Colleague: 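Structure incoming, see below.
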Amino acid sequence: MSAPRLEIRLDRIHHNAKTLVDQLALRGIGVIGVTKATLGLPEVARELVSAGVTRLGDARIENIEAMRRAGIGCEFTLIRSPMISQAERVVAHADVSHNTEIDVVKQLSDCAKAQGRTHGVMLMVELGDLREGILPADLPAFVGEVLRLPNIEFRGIGTNLACQSGVSPDQENMDVLSSLADSLEATFGVEIATVSGGNSANLGWALSATDAGRVNTLRLGESILLGRDPLHRKALEGLYTDAFTLVAEVIECKQKPSKPWGELGQAAFGFAKTRTDRGLISQAILALGRQDTDPDGLEAPDGMQILGASSDHLVLDTGPTSPAIGSELGFQLNYSALLRAMTSPFVTRAISEGEGRPEDRGLEVGGPAA
Ligand SMILES: *Cc1c(COP(=O)(O)O)cnc(C)c1O
């Protein structure tokens with residue numbers, strides 16, 4: 001198999017998705033599976049659907065088109081506000097989109113009319129994280145305009161926290177979202193079908209809240225794929241954190257001094273970390289670099305330590321072992337490293353079912369795998 005490659009375990013993604021779908025169903029919350037970190041990879045999307053995820057969301061229309069072409073037949077939501085220049089494609093391939101600008105919704109309406117379709121519109125509300133969203137005070141007038149547009153179905157409201165500023169979802173901001181839903185219904189006499197509370201950062205709140213109020217949807221990416229809560233980057237109980245492994249090949253391994261010598265200026269990517277003199281160490285170079293992934297988001301194998309990375313080289317202190325030339329090492333990835341590995345043309349993918357889905361084999365799966 002070629003390296004570098006991303007090994008993807010579908011059985012672990014399936015387990016994570018099913019676990020979250022089941023846990024949230026008990027609280028009346030449905031899941032939109034967010035596929036953007038895997039570029040809408042059809043195998044992963046299909047796995048999410050087979051695990052009980054009935055709606056998929058992606059930030060890019062290209063990814064939604066790829067999933068449709070692969071024959072995945074569920075409802076698709078474009079979770080980034082559409083570019084007005086892409087309105088025609090959005091209407092043709094996404095069932096629903098998240099919106100914050102009336103000019104865009106008008107364009108979606110025109111395109112939907114021309115195509116003889118109805119397009120679903122979710123309005124995103126700004127609740128403090130200062131990324132996308134209509135300010136709550138401006139929401140009623142906005143909804144009034146949306147309701148007048150032909151071929152547009154007003155689906156509901158949502159919010160996105162913890163992405164830009166790290167504002168945590170909590171009872172207070174979720175209550176604001178619920179009461180906005182109530183008051184819009186009272187004002188306009190419409191039903192707000194979907195109240196979309198947020199992303200994986202909402203799980204802490206959603207799984208412990210005594211009352212989820214009107215929130216009936218979460219959009220989950222990182223928690224399903226990497227088994228982590230983005231607010232604290234902690235492993236979520238009972239989920240796999242190792243559905244993805246990035247594998248790279250050793251191209252040099254030598255005993256070298258631990259401290260560089262000579263006059264020190266900047267390295268290729270700014271100043272290098274200061275290295276203390278620990279005598280000779282076993283240093284390996286892997287054919288993996290910033291063109292393949294985010295090296296700061298990699299976790300080295302046990303007993304090894306990442307010393308630095310440039311465009312094409314990852315330098316490791318391999319501890320007491322000296323891996324052979326041509327041997328391979330595997331790394332766990334965070335969200336940023338996963339995203340970069342998925343978008344790099346140099347990284348291939350090896351998708352496997354693992355040992356079969358744990359629940360198909362009648363196994364109870366406990367905590368995250370080691
Ligand atoms: C990326 C994204 C999500 C999913 O976020 P995760 O933290 O990966 O769960 C949800 N909603 C919006 C609007 C997003 O952009």
Side-chain angles (χ1 to χ4, degrees), residues 1-9 12-13 37 222 225-230 232-236 239-262 264 266-344 346-352 354 367-370:
M1 271 196 278
S2 67
R5 70 175 176 278
L6 196 57
E7 295 191 346
I8 306 177
R9 284 279 303 262
R12 294 185 176 165
I13 294 171
E222 179 165 356
L225 300 171
L226 295 175
R228 288 186 191 275
D229 156 17
H232 311 287
R233 291 270 135 69
K234 275 211 296 273
L236 288 158
L239 300 191
Y240 289 107
T241 57
D242 55 358
F244 295 84
T245 305
L246 186 59
V247 177
E249 185 174 321
V250 177
I251 56 171
E252 180 187 299
C253 186
K254 297 183 188 304
Q255 299 289 311
K256 288 198 181 181
S258 46
K259 195 174 162 60
W261 64 92
L264 290 185
Q266 285 201 30
F269 290 87
F271 288 99
K273 278 183 252 176
T274 316
R275 284 164 66 169
T276 50
D277 192 358
R278 294 181 286 129
L280 282 180
I281 57 164
S282 169
Q283 177 186 290
I285 299 177
L286 301 188
L288 184 75
R290 294 182 189 273
Q291 300 204 70
D292 307 294
T293 189
D294 174 4
D296 300 327
L298 296 180
E299 198 180 306
D302 274 352
M304 301 191 187
Q305 192 196 340
I306 296 171
L307 296 174
S310 52
S311 329
D312 310 286
H313 297 79
L314 186 78
V315 181
L316 278 187
D317 174 348
T318 61
T321 57
S322 291
I325 301 305
S327 65
E328 294 183 330
L329 297 176
F331 297 79
Q332 299 299 291
L333 309 92
N334 72 6
Y335 194 75
S336 167
L338 172 63
L339 205 64
R340 290 260 290 275
M342 280 299 304
T343 47
S344 170
F346 301 106
V347 179
T348 61
R349 295 155 199 166
I351 302 171
S352 80

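Just so we're clear, the structure is a prediction, and the values are computed from it rather than from any experiment. Scope of the values below: all heavy atoms of this structure, side chains included, with no hydrogens, waters or symmetry mates.
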Colleague: Please list all pairs passing the salt bridge (charged side-chain N to carboxylate O under 4.0 Å, His left out) test where one or both residues lie in residues 270-295, with sequence neighbours left out.
Modeller: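 Passing the test, one end in residues 270-295: R278-D317.
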Colleague: When rounded to the nearest 0.5 angstrom, what is the spacing between OG1 in T293 and CE in M342?
Modeller: 11.5 Å
Colleague: Can you name the closest pair of heavy atoms from P323 and A284 and give their distance?
Modeller: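 It is CG-CB, 4.4 Å.
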Colleague: Would you give the length of the straight line joining atom OG of S311 to atom NE2 of H313, rounded to the nearest 0.5 angstrom?
Modeller: 9.0 Å
Colleague: Could you give the distance from CG (L280) to OG (S258), rounded to the nearest 0.5 Å?
Modeller: 7.5 Å
Colleague: Mind checking what makes side chain to side chain donor-acceptor pair (under 3.5 Å) contact with T274, not counting sequence neighbours?
Modeller: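 Not a single residue meets the side chain to side chain donor-acceptor pair (under 3.5 Å) criterion with T274.
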Colleague: Between L339 and A37, which heavy-atom pair has the shortest distance, and what is it?
Modeller: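 Distance-wise, the nearest heavy atoms are CD1-CA, 3.6 Å.
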Colleague: Just so I know, are the side chains of D242 and R12 near enough to count as touching, which here means a heavy-atom distance under 4.5 Å?
Modeller: yes
Colleague: Between CG of L264 and NZ of K259, what distance do you get to the nearest 0.5 Å?
Modeller: 7.0 Å
Colleague: Quick one, L329 with V247, criterion side chain to side chain contact (heavy atoms under 4.5 Å, CB included). Give me CA distance, side-chain angles, the key distance, then yes/no.
Modeller: CA-CA 6 Å; L329 297 176; V247 177; over 6 Å; no
Colleague: Does the side chain of I325 come within less than 4.5 Å of I251's, by heavy atoms?
Modeller: no
Colleague: Measuring only between side-chain heavy atoms, which start at C-beta, is L307 closer than 4.5 Å to L316?
Modeller: no
Colleague: Would you check, one step at a time, whether the test side chain to side chain contact (heavy atoms under 4.5 Å, CB included) holds for T318 with Q283?
Modeller: CA-CA 6 Å; T318 61; Q283 177 186 290; over 6 Å; no
Colleague: Under 3.5 Å, side chain of S344 to main-chain N/O of Q291, donor-acceptor pair present?
Modeller: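 Answer holds: yes.
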Colleague: By the side-chain hydrogen bond (donor to acceptor under 3.5 Å, both in side chains) test, which pairs, at least two apart or in different chains, include something from residues 320-331?
Modeller: R5-E328, S282-S322
Colleague: State, yes or no, whether a side-chain contact exists between T245 and Q332 at a heavy-atom distance under 4.5 Å.
Modeller: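 A side-chain contact exists here, since the closest heavy-atom pair is under 4.5 Å.
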Colleague: What pairs with R233 under salt bridge (charged side-chain N to carboxylate O under 4.0 Å, His left out), at least two apart in sequence or on another chain?
Modeller: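 So R233 forms a salt bridge (charged side-chain N to carboxylate O under 4.0 Å, His left out) with E222.
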Colleague: So which heavy atom on A324 is nearest to which on V250, and how close?
Modeller: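 Closest approach of A324 to V250: O-CB, 3.6 Å.
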Colleague: If you round to the nearest 0.5 Å, how far is CG of L333 from CG of L246?
Modeller: 5.0 Å
Colleague: Please report the C-alpha distance between I306 and F331 in whole Å, then the side-chain angles of each, then the deciding distance to 0.1 Å, and finally whether the side chain to side chain contact (heavy atoms under 4.5 Å, CB included) criterion is met.
Modeller: CA-CA 11 Å; I306 296 171; F331 297 79; 4.3 Å; yes
Colleague: With salt bridge (charged side-chain N to carboxylate O under 4.0 Å, His left out) as the rule and sequence neighbours excluded, what pairs involving residues 302-314 come up?
Modeller: none
Colleague: Quick one: do S352 and E7 satisfy side chain to side chain contact (heavy atoms under 4.5 Å, CB included)? Show the steps, please.
Modeller: CA-CA 8 Å; S352 80; E7 295 191 346; over 6 Å; no
Colleague: Please check this pair: side chain of R340 against backbone of G297, looking for a donor-acceptor N/O pair closer than 3.5 Å.
Modeller: no
Colleague: Among residues two or more places apart or on two chains, list those pairs meeting salt bridge (charged side-chain N to carboxylate O under 4.0 Å, His left out) that have a residue in residues 243-254.
Modeller: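 Pairs touching residues 243-254 that pass the test: E252-K256.
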Colleague: Rounded to the nearest 0.5 Å, how far does CZ of F244 lie from CD1 of I13?
Modeller: 4.0 Å
